[in-house]
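In what follows, every heavy atom counts, from backbone to side chain, and hydrogens, waters and symmetry copies are set aside. A note on names: the letters A, B, ... follow the listed sequences, proteins ahead of strands, and every chain is numbered from 1. All values reported here derive from a predicted model rather than from experimental measurement.
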There are 2 protein chains.
Amino acid sequence: MAGIRAQQKEKTRRALIQAAMNQLSAEHGYASLSLREVAREAGIAPTSFYRHFQNMEELGLTLVDEGGLALRQLLRQSRQQIAKGGSIIRASVTTFMEFVANNTAIFRLLLQEKSGNSREFRLAVQREVEHFTAELVDYLVAEQQFDRQLAELHADAIVRVVFSAGADALDASAAERQQLLEVTIAQVRIIARGAEATRALAKSGLS
Amino acid sequence: MAGIRAQQKEKTRRALIQAAMNQLSAEHGYASLSLREVAREAGIAPTSFYRHFQNMEELGLTLVDEGGLALRQLLRQSRQQIAKGGSIIRASVTTFMEFVANNTAIFRLLLQEKSGNSREFRLAVQREVEHFTAELVDYLVAEQQFDRQLAELHADAIVRVVFSAGADALDASAAERQQLLEVTIAQVRIIARGAEATRALAKSGLS
DNA sequence: TATGTCAGTGAACGCTTGTGCACGCAATTC
DNA sequence: GAATTGCGTGCACAAGCGTTCACTGACATA
């Protein structure tokens, strides 16, 4: 039983999501997105929108969830490739920057709604970012034997720097992006070195 | 010659700016601000708006400029107080966080338009942030004899971390803000230590 | 004192917006 | 085969928007 009806419904739901994505751009943010325009691009009547979402806000939260998930999957995948050897820092940052370059609309949405005007949105994005930090903390504790508290400072700082660089990448040319990538890698290494030094300092201070 | 006329004009101009500020909040961003509402709050007819600004965009850019300027002045002032002794890192980060707490609307505007939908806005905010970084670089080169290139990496990373923490502070309670402040100070110190280690590393590698 | 300038006005315009409602019609259920 | 469900529709509405236009009247100038 495929459920012709349910299938069709899912299809127009995807059409709505896709339409919203398409309308997002550097000039046109989520806040200034209109139900009518989205419905128009999805090829349905404005009133039909309500068969799928209660609000534009509900649609937006769906976008945030899907976008965050996609980014995290990508990074996890890149971390696995690292098992083969190579710099984990370089690989992760590169993957991140590639995501930004290839999924501009989604990343822009995440960024904007991070400090946007809907508390719901802000919390959703914050949750996504915390996912990243948590995964990084786990890595630092498990693979590098970091003290958990220090690992949290460390990971949080890295995530802040990388996301911030991602934001700048949105407006940058390919060449500028390349440079931004190198700068960011260097900065992450500085932070790693600083965390290492801090760990050594704490040890000598205690023992 | 005071110029009663020019004086009055400036007064309503300030009223418009103030009205725009007042309407900015966690729920109501600049994008969803309407000319009519701003004019209403400023106590003038909608059409009179055009006597002072061509667009809402022009008003917004004014807000960005003024906000950035205020923040920079505050930080410069706090850096001077440091001459009396004390931790420059703690003082600067504290000042920054106080600004965020006391000028929520402005900081929110800066943040939102940093990745907002008007290229003009984005560039304006970016320019403000670059001012900060540049001042910090100068400090690092002059007072701490850092190599300029390393100082730029260092300063840029710090600014990214601090601004990002400021963003989180907007939604935080007083207690959370206090904790965020301490965390951020610790992170800036980690970065400073990392930069120091990197400098040592470069020296030993060269000589 | 006469003349010019210009901040502020109020009515009017053409649009777009979100949403309520009753309805058609195909897929589903019994 | 009959009854029910539910996605998509077209119409209608009130509200809000940015912007135009011709105007008034207080200030500036000479």
How close or far is atom C1' of C:dT19 from atom CG of A:N55, stated in whole angstroms?
12 Å
Ring pair (Phe, Tyr, Trp, His ring centres under 6.0 Å) against A:F99, all qualifying residues, sequence neighbours excluded:
none
What is the distance, to the nearest angstrom, from the CD atom on A:Q8 to the P atom on D:dT9?
11 Å
Applying ring pair (Phe, Tyr, Trp, His ring centres under 6.0 Å), can you list everything that pairs with A:F121, at least two apart in sequence or on another chain?
A:Y30
Taking B:A91's backbone N and O only, do any of them form a donor-acceptor pair with B:T95's side chain (distance below 3.5 Å, no angle check)?
yes
For residues 37-50 of chain B, which side-chain N or O atoms pair as donor and acceptor with protein atoms under 3.5 Å away, sequence neighbours left out?
from: B:E41; atom 1: OE1; to: B:Q23; atom 2: NE2; distance (Å): 3.0
from: B:E41; atom 1: OE2; to: B:N22; atom 2: ND2; distance (Å): 3.0

In whole angstroms, the gap separating C1' of D:dG8 from CD1 of A:I4 amounts to 17 Å
Taking CG from B:L16 and C1' from C:dG8, how many angstroms apart are they, rounded to a whole number?
12 Å
Minimum-distance nucleotide to B:R5 side chain [options: C:dT28, C:dC6, C:dA7]:
C:dC6
Rounded to whole Å, please give me the gap between CD in B:E58 and P in D:dT19.
12 Å
What nucleotide, of C:dG8, D:dG8, C:dA7, holds the atom closest to the side chain of B:T12?
C:dG8
Rounded to whole Å, CZ of A:R14 lies from P of D:dC7 at a distance of 17 Å
Not counting sequence neighbours, which residues clear side-chain hydrogen bond (donor to acceptor under 3.5 Å, both in side chains) with A:S118? List them please.
A:E57
Atom-to-atom span, NE2 of A:H52 to P of C:dG18 - whole angstrom
16 Å
Rounded to the nearest Å, what distance is computed from the NZ atom of residue B:K9 to the P atom of nucleotide C:dC6?
9 Å
Does anything in residues 26-50 of chain B come within less than 4.0 Å of DNA chain D? Heavy atoms only, and list the residues if so.
B:S34, B:L35, B:R36, B:E37, B:R40, B:T47, B:Y50
side-chain hydrogen bond (donor to acceptor under 3.5 Å, both in side chains) against A:E66, all qualifying residues, sequence neighbours excluded:
A:R14
